[in-house]
Amino acid sequence: MQKIRCVVERITYQNPENGYSVLKCRVKDYSDLVPVIGNMIDANVGSVLIAEGNWKVDAKYGRQFVAENWEETLPATVYGMEKYLGSGLIKGVGPKYAKKIVQKYGVDTFNVIEDNVELLLEIEGIGRKRIQMIAESWERQKEIKNIMLFLQEHQVSTSYAAKIYKQYGNDSIAVMKENPYKLADDIWGIGFKTADQIAVKLGFGKESYVRLRSGLMYTLSELSNEGHVFAEKQQLIEKASELLEASPETVVMTMDEMLKKEELIFEKNIVRIDENGNQVLPIYLPPFYFAEVGVAGKLKKLASSPAEDKLYTRLMEARKSTGNDELSVDIGAVQAKTGMEYDEIQADAIRRAATAKVMVLTGGPGTGKTTTTHGIISAYKAYGLRILLAAPTGRAAKRMTEATGLEAKTIHRLLECKPPEGYQKNEENPLEGDVLIVDECSMIDIILMNSLLKAIPPTMRLIMVGDIDQLPSVGAGNVLRDMIDSAAFPVVRLTRIFRQAQASRIVMNAHRINEGKMPDISNGKESDFFFMENEDAEAAVPQIVRLVKEKLPKYYQIEPSQIQVLTPMQRGVVGATNLNLSLQEALNPPEHDIFMKGRGRVAMPKECLRRSGYVFRADDKVMQVKNNYDKEVFNGDIGMIESVNETDRTLKVKFEGRSIEYDVTELDELVHAYATTIHKAQGSEYPVVVMPVMMNHYVMLQRNLIYTGITRAKKALVIVGAKRTLSYAVKNVTVTKRNTLLRERLEK
């Protein structure tokens, strides 16, 4: 093996899925830039690397250095120093100031910044504010470098260094040495496996208590990511033993100790027998246990407490005096007020809503959920009820506002989320109003539902609206379905497809799929549902790019940004990650043409920031993938990058008219959103949707997934795939059952 010392000039390619990178580097004694390839996902432009590996000659790309191992070091040459400072790693110094500083102080540059930063005042344009920024950033970067070296020693990705420093500051290395499993508990994005890698290198035993405890917590956490509120005891023992490569006996001993300390909770009051006749033994993480118990208790209390509004009290008095328990609002009067005509099921929903404390309204596309909700609101308004509207996502809230003419908020905004204290609206400070109507309720998980119910006073009404045939929530639980299955509350299911909706093949095909029938894929000029036969996943990628970039914008006279690619999976050739790389390259390439006097049109590179193999540029479509209460942006929110500042290593994203700034260390909260998974698209609608349905995705191909994807499209849907694959998905109704006891708690 040979060693080279090099300065990273350009990052030609990085694959975020496996870390494979192609870097163009300046190497001593080589006049041209040298391609260095290997797993170097964390290397930045300006980084000085000592790479260990071998030279090879590639038939297509020529001479390359294949790095087996690498480590980062501070540059020793004037050139390297300028490149390092100008890379944006040190806030307050961009390429312009890097050049000036290095020209003045030469090889002593780093010593000046380290020991005598005030000397930088001699550089024109640098004031005290910038000096403070440079000094703080230099100190932080120094400590981050120490953490990176520590992680490199333990063969762990150095991309976590900034996050670890943000959490523990100068105590970072001490914390990792004392108990590396704390990383998995405290830092979003760092899992048990990363912490375990460090722990093994530090000599922690395979069956040490801290390791087994962390492994059990991780196993339960992973099950919650699959939608389970609890783990069945035997399932937990088996999964944890496999993960930890430990004996089931030691896992059970650790579990018993955690149950004793109430770090885990065993539910013994509810008895459920599984399909094999065995009793289910549920083990919960405390937040999920208290959320599920809380939701059941609060829903029961809400349903049994009388309302205090004028409509409720008058109807209850009238029913008592007449002895007619069916007495309700006059539907004719509601129709006259709204100018709508309701069928019998819709009329029944409005009548029930007049006296209901908790009610569920469900139905597929085109069945009149919005029209019925409008009728319910109209009946309430006639009696002066104060109405609150909410939805889980910003897009769903916006649609609700447009449909009703009343302001709808996201649930997080309704509850006035303020970090770090949390929700301002709760039992002590409840919501003010007579009725809360919540749309897209299939998306609400058990934790969010518990927070919402805490803020609803017993006298308020709750109307939950949603499509029960869609995918369940991304988070743990199956709240809407459990509420319906419990039969504890009035449920109205709309089934009739209205005439205007029957003209849409999207709507009709969604219902066909729901009934287990193959959709009509005959295409036709007047259709809004198109099917393009293609069994080759590799060939489908350029086809999808052409549809988004050229064909559909031209046909529908819309911008490519209004077209959303939805795919069943994150990984694979036609998964969201790979499609995003191809779509970004086509729709927002790394260079843009500008007109320069005397030189005409010149291609200039766009400013960009890199993080974990992803490149973020202005005009990129991005999605937030973590609830960030500080920034008030939440998992699933989509925005556009409006500016990138390479010097400050920040960028700004516009979400629904609000501009939010991100530091480079926060970019793992963002992913590109030219393509996204169908799960992530819940609660959203897009003018045009392109959806690959390939056999590569067969593990995810289920009826409710395809149904959810199709119903996201408003104007047009294009499916790219094979008929047999679509047929397989339509027939596959083996929806993974989620571990939840909410139904039983509501029935109890």
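Since the model is a prediction, treat every value here as computed from it, not as a measurement.
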Reported [atom1]-to-[atom2] distance for the pair [X] and [Y], which is rounded to 0.5 angstrom:
X	Y	atom1	atom2	answer
Glu416	Asn426	CD	CG	10.0 Å
Leu223	Tyr218	CG	OH	10.5 Å
Arg213	Asp185	CZ	CG	5.5 Å
Arg395	Ser684	CZ	OG	5.5 Å
Glu222	Leu243	CD	CG	8.5 Å
Asn580	Met623	CG	CE	9.5 Å

Kindly give the heavy-atom pair with the smallest separation between [X] and [Y], and that separation in Å.
X	Y	result
Leu285	Ser221	CD1-N, 4.1 Å
Leu670	Phe616	O-CZ, 3.7 Å
Ala476	Arg738	C-NH1, 4.5 Å

Just checking, is any N or O donor in the side chain of [X] or [Y] under 3.5 Å from an acceptor N or O on the other one?
X	Y	value
Gln624	Tyr662	yes
Asp668	Tyr614	no
Lys680	Asn635	yes
Gln235	Asn739	yes
Glu114	Trp138	yes
Asp186	Tyr168	yes
Glu292	Tyr284	yes
Asn704	Gln470	no
Thr677	Gln570	no
Tyr181	Asp196	yes

- Query: Heavy-atom distance under 4.5 Å between the side chains of Glu52 and Glu68, does that happen here?
  - Reply: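 Side-chain contact under 4.5 Å: no.
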
Okay, side chain of [X], backbone of [Y]: is any donor-acceptor separation there less than 3.5 Å?
X	Y	result
Ser473	Gly475	yes
Arg140	Gly169	no
His412	Thr393	no
Gln279	Val271	no
Ser241	Ile237	yes
Gln682	Pro472	yes
Asp445	Leu448	yes
Asn628	Lys631	yes

- Task: Check step by step if side chain to side chain contact (heavy atoms under 4.5 Å, CB included) holds for Leu264 and Met255.
- Result: CA-CA 8 Å; Leu264 300 177; Met255 187 194 299; 4.0 Å; yes

- Item | Evaluation steps, side chain to side chain contact (heavy atoms under 4.5 Å, CB included), between Gln167 and Leu183 | CA-CA 9 Å; Gln167 181 74 25; Leu183 299 177; over 6 Å; no

For [X], I'd like to know if atom [atom1] has over 12 heavy atoms of other residues, nucleotides or ligands within 6.0 Å.
X	atom1	value
Lys233	NZ	no
Met695	CE	yes
Lys652	NZ	no
Lys626	NZ	yes
Glu421	CD	yes
Arg571	CZ	no
Lys300	NZ	yes
Lys621	NZ	yes

- Task: Check whether the ring centres of His228 and Phe288 lie less than 6.0 Å apart, and answer yes or no.
- Result: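 They do not qualify: ring centres at least 6.0 Å apart.
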
- Message: I'd like to know if Arg272 pairs up with Glu267 as an ion pair, taking the criterion as any Lys NZ or Arg NE/NH1/NH2 lying under 4.0 Å from an Asp or Glu carboxylate oxygen.
- Response: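 Not counted as a salt bridge, because no side-chain N and carboxylate O are separated by less than 4.0 Å.
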
- Message: Do the side chains of Lys142 and Glu139 get close enough for a salt bridge, i.e. N-O under 4.0 angstrom?
- Response: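 Yes.
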
Residues 477-486 side chain polar contacts: donor-acceptor under 3.5 Å, at least two apart:
from, atom 1, to, atom 2, distance (Å)
Arg481, NH2, Ile468, O, 3.1
Asp482, OD2, Thr740, OG1, 2.7
Ser486, OG, Met483, O, 2.8
Ser486, OG, Ala488, N, 3.2

- Check step by step if side chain to side chain donor-acceptor pair (under 3.5 Å) holds for Gln424 and Asn429. CA-CA 7 Å; Gln424 303 302 294; Asn429 180 28; over 6 Å; no

- Query: Quick one: side chain to side chain contact (heavy atoms under 4.5 Å, CB included) partners of Ala291, sequence neighbours excluded?
  - Reply: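 Expected list: Ile446, Ile447, Asn450.
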
- Any residue meeting ring pair (Phe, Tyr, Trp, His ring centres under 6.0 Å) with Phe204, in chain and number order, not counting sequence neighbours: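 Phe204: no ring pair (Phe, Tyr, Trp, His ring centres under 6.0 Å) contacts found.
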
